[in-house]
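A short worksheet on the structure shown next.
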Amino acid sequence: MKEFANESILELRRAPVRATLDEAIRAHDARPALKVPVWIGEDQRHGEELVSTDPGRPERVVATAAKATPEDVDAALQAAQRGAKGWAATPARERADALVRAAQWLRERRLEAAALAVRECAKPWPEADADVCEAIDFLEYYARGALDIAQGAPLLQVPGEKNTLTYGPRGVVAVISPWNFPLAIPLGMVAAGLATGNAVVLKPAEQSPGCALMIFRALREGGVPADAVSLLPGEGDVGAALVKDPRVHTIAFTGSGAVGLEIVREAAQVHEGQRHLKRVIAEMGGKNCVIVDSDADLDEVVPALVTSAYLYAGQKCSAAARVLVHEAIHDALLERLAGAVEVLDVGQAERLGIDVPPVIEQASQERVARYTAEAERTGRVAARAAEVPEGGWFATPAVVADLPPDSPVLTEEIFGPLLAVERVKDVADACDRVDTSPFALTGGLFARNPDTVDYVVDRTPVGNLYVNRSITGAMVGRQPFGGNRLSGTGTKAGGPGYLLQFVEPRVVTENTMRHGLVV
Ligand SMILES: NC(=O)c1ccc[n+]([C@@H]2O[C@H](COP(=O)([O-])OP(=O)(O)OC[C@H]3O[C@@H](n4cnc5c(N)ncnc54)[C@H](O)[C@@H]3O)[C@@H](O)[C@H]2O)c1
């Protein structure tokens, strides 16, 4: 297998490449809405209980899906128990080859997959394309990582003794995923489970069953056996049923803190007859802060903050939510940010060149409005985007300031295009404030002095710190991603070590001295 390299994103500055996007969205719109089944082994059960729609035009149905029942959960886990045995016995190389073929299947349909993410989750084209690339990266990266793990790990050897450390699959993995990276996140977690020889049951987000079907098909077309992976579309109750079930060994979850904590609590219960402890890999929300020192170059800071806070309408878990800016440049930065926010181009995801698409659903739109009103009541709204379309779930991007330190706008994850600016005395003051947060997902720093950089690196609790650049866009293999504190269990998706969550280590020690005669 050749060395891992990130999948190249589309060169959207080229007109012929841009033209392929138009074709892809037209082709998508010409097809009927996707029908997403509950898919267990070779059986598909269709239904229409779940309806996923285009956030930009909620009357447009993108996919309808069956909702998994408790009987489906049971059948999927029975299949997974069977499938886990055969898949674990399959050589690691064959498993890796299946994932690499799945990557190729997706690569050949990258525009179709991106168009689906544009429609189903209102991902703007560059974001949708990056989502597909990241999904491919996860397949390729974990396929290779699993081959390394299959070698075991070296141990100290002394004369007369042979020590071996090997890793085996844990059994059945339940993957529970969010909608905001509707291809990359579920596929990443599923690929990690499969690469290491586990059977996987996928419960995707209710908002994006169409994208889930696309990645599921990639895996099956790549040659992952029917019983090794099942698809259970549905809402939170389906995820909760999987979490509770004693047949599940590992839970890979990405989503909100509230649900993640419930999963951690529930998974700690050992049920009658259960002979293992469940392992939870949880990637959760954040409240990401960017520190701006007095010597920062505002020409770099403003565009980087706009990208970090408003791209994909602030719905990346890594998005900037708070800016802690040195008092010497607070007013200048706020004025320039306000100018940038007023002219943000808010529009439909399929229109290339927009800055901010609609948010995923009505509840998100209302949530952003609620927090903006709260900021207006207790602080001030420095600027709002001047023009916001009607009809879809568009939230008005805004930048707010002068909030009291205990404002929920500063302490709670909003997950929308709302950025709060705070005045700090100096970088140490900013670090103190970051330190009081229970979240520690991503963070940023703009400073020219290398000592300041070292100081912040030393003090930051976050899982991913970005210095003098935007704070979103982690790449597989380059920026392994995941949060600390209440933002996650500290695992790093797309990095060395991630796959170790999905396996069990075994050490064998043999006395190799043979005494006496065998008679
Ligand atoms: N740290 C990361 O890497 C990362 C990445 C992406 C998103 N996120 C976070 O995800 C959140 C947005 O995603 P969301 O709105 O889909 O999150 P969510 O927590 O509402 O849902 C995530 C998944 O959990 C399921 N679920 C809901 N209730 C459940 C329960 N009781 N038991 C088991 N499963 C249940 C949902 O159906 C969905 O599939 C944000 O908080 C964001 O920060 C984190």
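Note that ligands are numbered from 1 as they come in the structure, with each ligand's atoms numbered from 1 the same way.
- Cation-pi geometry between Lys123 and Tyr312 is met: the NZ or CZ atom falls under 6.0 Å from the ring centre, inside 45° of the normal.
- Ring geometry, His276 versus His249: the interplanar angle falls from 30° to 60°, so the pair is classed tilted.
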Test salt bridge (Lys or Arg N to Asp or Glu O under 4.0 Å) applied to Arg144 and Glu140, step by step: CA-CA 6 Å; Arg144 285 162 178 76; Glu140 297 274 1; 2.8 Å; yes
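- The heavy atom nearest to atom 32 (N) of ligand 1, out of those in Ala240, Ala184, Gly286, is found in Ala240.
- Counting only heavy atoms of the protein, atom 29 (C) of ligand 1 lies nearest to Val259 CG1, 3.4 Å.
- Atoms of ligand 1 found under 4.0 Å from any heavy atom of Asn180 (numbered from 1 in listed order, with element): 6 (C), 7 (C).
- Closest protein heavy atom to atom 25 (C) of ligand 1: Ile176 CG2, 3.6 Å.
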Step-by-step side-chain hydrogen bond (donor to acceptor under 3.5 Å, both in side chains) determination, Gln479 to Tyr466: CA-CA 10 Å; Gln479 290 96 21; Tyr466 296 91; 5.2 Å; no
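- Looking only at protein heavy atoms, the nearest one to atom 39 (O) of ligand 1 is Ser177 O, 2.8 Å.
- By the 30° and 60° cut-offs, the orientation of the rings of Trp39 relative to Phe216 is tilted.
- The heavy atom nearest to atom 44 (C) of ligand 1, considering only Ala363, Gly234, Ser208, Cys317, is found in Cys317.
- Near Phe253, meaning under 4.0 Å from any of its heavy atoms, are these atoms of ligand 1: 19 (O), 22 (C), 23 (C), 24 (O).
- Under 4.0 Å from ligand 1, not a single heavy atom of Phe181 appears.
- Residue Asp237 does not touch ligand 1, judged by heavy-atom distances below 4.0 Å.
- Taking a cutoff of 4.0 Å between a charged side-chain nitrogen and a carboxylate oxygen, Glu504 and Arg279 do not qualify as a salt bridge.
- Neither the backbone nor the side chain of Lys316 comes within 4.0 Å of ligand 1, counting heavy atoms alone.
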Trace of the side-chain hydrogen bond (donor to acceptor under 3.5 Å, both in side chains) decision for Arg384 with Thr396: CA-CA 7 Å; Arg384 290 183 165 89; Thr396 303; 5.8 Å; no
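- Here Val238 has no heavy atoms under 4.0 Å from ligand 1, in either its backbone or its side chain.
- Contacts of Glu206 with ligand 1, taken as heavy-atom pairs under 4.0 Å, involve the side chain alone.
- Within the 3.5 Å criterion, the main-chain N or O of Val456 finds no donor-acceptor partner in the side chain of Thr460.
- Using a 4.0 Å heavy-atom cutoff, Ala205 is listed among the residues neighbouring ligand 1.
- Heavy-atom proximity to atom 10 (O) of ligand 1, evaluated over Pro178, Gly255, Gly239, is greatest for Gly255.
- The protein heavy atom nearest to atom 12 (C) of ligand 1 is Phe415 CE2, 3.6 Å.
- Assignment of Pro204 to the shell around ligand 1 is supported, since a heavy atom sits closer than 4.0 Å.
- Salt-bridge check for Lys278 with Asp245: failed, with every basic side-chain N at 4.0 Å or more from each acidic carboxylate O.
- Scanning all protein heavy atoms for the shortest distance to atom 14 (P) of ligand 1 gives Trp179 NE1, 3.5 Å.
- Look at Gly483 and you'll find every heavy atom at least 4.0 Å from all atoms of ligand 1.
- Lys67 contributes no side-chain N or O that, together with a main-chain N or O of Gly47, makes up a donor-acceptor pair within less than 3.5 Å.
- When hydrogens are left out, the protein atom nearest atom 20 (O) of ligand 1 is Ser256 OG, 3.9 Å; that is the closest non-hydrogen contact.
- Using a 4.0 Å cut-off to heavy atoms of Glu262, the atoms of ligand 1 that qualify are 31 (N).
- Nearest protein heavy-atom neighbour of atom 1 (N) of ligand 1: Met284 O, 2.8 Å.
- Counting only heavy atoms of the protein, atom 26 (N) of ligand 1 lies nearest to Gly236 CA, 3.6 Å.
- For ligand 1, the atoms sitting less than 4.0 Å from at least one non-hydrogen atom of Ile185 are 5 (C), 6 (C), numbered in the order shown with element in parentheses.
- The closest heavy-atom contact to atom 41 (O) of ligand 1, among the options Gln207, Glu361, Glu413, Lys244, comes from Glu413.
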